[in-house]
2 protein chains.
Amino acid sequence: MRRVPTQERSRQRLERILDAADQIFSEVGYDAATTEQIAERAETSIGSVYQFFPNKSALFEALCQRYLERAQSLFERLLERTTLADSPSWSKIVDDMIDAFWSFHVDQPGFRAVWVHQNISAQLIAAGDAVNQAIATRAEEVMAFFAPDVPRSKRRIAASIVVETISAILFVAVRREPDEAKRLVAELKQMVRSYLSTILPA
Amino acid sequence: MRRVPTQERSRQRLERILDAADQIFSEVGYDAATTEQIAERAETSIGSVYQFFPNKSALFEALCQRYLERAQSLFERLLERTTLADSPSWSKIVDDMIDAFWSFHVDQPGFRAVWVHQNISAQLIAAGDAVNQAIATRAEEVMAFFAPDVPRSKRRIAASIVVETISAILFVAVRREPDEAKRLVAELKQMVRSYLSTILPA
DNA sequence: GCAGAATGTGAGGGTGTCCTCATCTTTGTC
DNA sequence: GACAAAGATGAGGACACCCTCACATTCTGC
């Protein structure tokens with residue numbers, strides 16, 4: 001970012017620009033989106049956009065980063081709440097997790113739109129992978145709580161595939177009709193549960 | 001397509017253009033790819049590219065269509081071979097299916113590259129969905145053979161999520177280190193098997 | 001209420017790509 | 001081998017978008 005806003009007016013403008021970028025990129029895709037269009041939607045001038053971001057791609061990346069941060073913080077909040085509760089079953093945790101991320105996708109339709117089917121830099125892909133990795137690592141810790149004797153390597157790959165599957169299927173589900181999506185999410189829970197029951201004790 | 005080639009020379013040129021497009025789009029993405037660059041890689045002139053395709057996006061779509069056809073025909077060939085063999089277990093069929101599609105991804109790296117993280121038209125997304133749907137429908141028939149009493153609606157959603165999961169996780173696996181990918185594929189089989197065993201008889 | 005810092009503006013320069021078309025080359029047929 | 005049809009070529013027109021920068025406006029501390 002070129003300039004970090006200090007005044008309130010500027011902070012709001014930056015927020016408006018990011019929101020506008022979110023909308024435009026979601027609607028028409030990275031290429032078709034023009035910086036002029038984004039400025040217009042943000043009710044500001046093209047010059048202001050370039051006050052904050054050195055170029056179009058930096059604007060897009062900032063937007064993606066914002067989504068990644070939101071996703072990760074959602075997961076952290078969820079875990080905090082869970083560990084505080086008096087040890088529920090792991091299947092309950094899985095269900096809650098899936099529900100929470102499903103809500104995330106539904107509430108923030110731009111997330112899928114900007115993340116999939118856009119030109120994403122290798123750097124950004126790595127950032128996305130890192131978030132999934134971080135989530136998987138935390139998930140592995142939860143698994144360790146329920147099954148301390150399962151070897152670490154086994155836990156690692158299991159956590160990884162569970163996180164990736166949930167992530168991938170939710171991405172698919174967003175595109176379906178609401179009814180079909182609901183059923184997909186239900187079956188996703190079922191699948192993850194039956195897989196994990198081969199590893200974790202009931 | 002603007003012109004369908006009748007002479008052999010022309011057919012080969014068209015093939016070269018599609019192959020070049022495959023490479024360039026894979027390497028740099030849809031936007032960054034230029035039609036001039038594609039023509040050069042195909043060892044032909046820009047004019048020839050536009051003899052066959054009305055514009056850049058039509059070229060890209062033709063490329064995607066070629067991949068979809070290849071994927072679907074792979075599945076059909078696989079099923080033909082399977083039904084001819086004397087009724088193996090369903091878990092064997094699942095494993096073979098996953099292996100075959102994994103090879104497809106590995107052998108045709110361009111498939112993932114052009115399909116994910118590119119600007120794909122809604123029309124093309126629908127085409128991709130249609131292929132997955134078609135595969136799911138055939139998978140459902142196979143399930144019907146092993147579990148005739150499971151209600152149709154249940155079979156449908158199960159087939160759908162299995163196909164989507166396999167498709168999604170293989171897309172993820174391609175990006176991993178070979179070792180990690182191998183483990184992911186192995187766990188994918190495990191997951192699908194344990195899910196299906198809640199539906200199909202052993 | 002004033003100086004100066006911070007912020008905002010938008011017309012236009014520069015760049016690069018898509019695609020056309022007039023012209024040339026190859027292929028097939030009699 | 002001559003003629004027509006099919007195929008191939010690539011310089012350049014047209015267009016659209018990114019980004020700059022000189023100037024205007026707003027804010028802040030004194």
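Basis for what follows: all heavy atoms, side chains included, without hydrogens, waters or symmetry-related copies. Below, chains carry the letters A, B, ... as their sequence lines are ordered, and counting in each starts from 1.
Listed nucleotides: D:dA8, C:dT9, C:dC18. Nearest to the side chain of A:Ser45: C:dT9. Candidate nucleotides C:dC19, D:dT9, C:dT7 were compared by shortest atom distance to the side chain of B:Asn55, and C:dC19 ranks first. The side chain of A:Arg2 lies closest to D:dT20 when the candidates are D:dT20, D:dA8, C:dC18. Of the candidates C:dC19, C:dT9, D:dA8, C:dT9 carries the atom nearest the A:Thr44 side chain, counting heavy atoms from C-beta on. Ranking D:dG7, D:dC18, C:dC18 by closeness to the B:Ser10 side chain, first place goes to D:dG7. Taking only side-chain atoms of A:Lys56, from C-beta outward, the nucleotide of D:dC19, C:dG8, C:dT7 with the closest atom is D:dC19.
With no hydrogens or angles considered, no side-chain donor-acceptor pair links A:Ser91 and A:Arg193 at under 3.5 Å. Residues B:Arg2 and B:Gln51 have side chains that never bring a donor and an acceptor to within less than 3.5 angstrom of each other. Of the N and O atoms on the side chains of A:Ser73 and A:Arg77, at least one donor lies less than 3.5 Å from an acceptor on the other residue.
No contact: B:Arg11 has no heavy atom under 4.0 Å from any strand. Counting non-hydrogen atoms under 4.0 angstrom, A:Ser48 reaches a base of the nucleic acid. Residue contacts shown for A:Ala33 are limited to sugar-phosphate atoms, with no base heavy atom under 4.0 Å away.
Each of B:Gln51 and B:Arg9 was assigned the nucleotide of DNA chain C with the nearest heavy atom; the assignment lying further toward the 5' end belongs to B:Gln51. Between B:Gly47 and B:Pro5, the one whose closest nucleotide on DNA chain D sits nearer the 5' end is B:Pro5.
The interatomic distance linking A:Ile38 (CD1) with C:dT9 (C1') rounds to 18 Å, in whole Å. In this structure, B:Phe53 places its CZ atom 21 Å from P of C:dT17, rounding to the nearest Å. Atoms CG (A:Leu59) and C1' (D:dC17) sit 15 Å apart, rounded to a whole Å. Per the geometry, CD belonging to A:Gln12 stands 11 Å off P belonging to C:dG8, to the nearest Å. Put simply, CD1 on A:Ile46 is 14 Å from C1' on D:dC21, counting in whole angstrom units. As a whole-Å value, the separation of B:Tyr50 OH from D:dA6 C1' is 21 Å. Nucleotide C:dG16 holds its C1' atom 13 Å from the CD atom of B:Gln37, rounded to whole Å. Rounded to an integer number of Å, the gap from B:Gln7 CD to D:dG7 C1' is 6 Å.
Checking the phosphate oxygens (OP1, OP2) of C:dC18, a side-chain nitrogen or oxygen of B:Thr35 falls inside 4.0 Å. Phosphate contact (OP1/OP2 of D:dT25, side-chain N/O of A:Arg13, threshold under 4.0 Å): absent. The phosphate of D:dG7 has OP1 or OP2 within less than 4.0 Å of a side-chain N or O from B:Thr6.
Taking 3.5 Å as the limit, the base of C:dC19 and the side chain of B:Glu36 contain a donor-acceptor pair of atoms between them. Judged by distance alone with a 3.5 Å cut-off, no donor-acceptor contact links the side chain of A:Glu8 to the base of D:dC27.
Note: B:Tyr67 and B:Phe111 have tilted aromatic rings, judged against thresholds of 30 and 60 degrees for the angle between ring planes.
The two residues B:Phe53 and B:Met1 have their closest heavy-atom pair at CE2-CG, 3.7 Å.
Shown here is A:Gln123, whose CD atom has no more than 12 heavy atoms of other residues, nucleotides or ligands within 6.0 Å.
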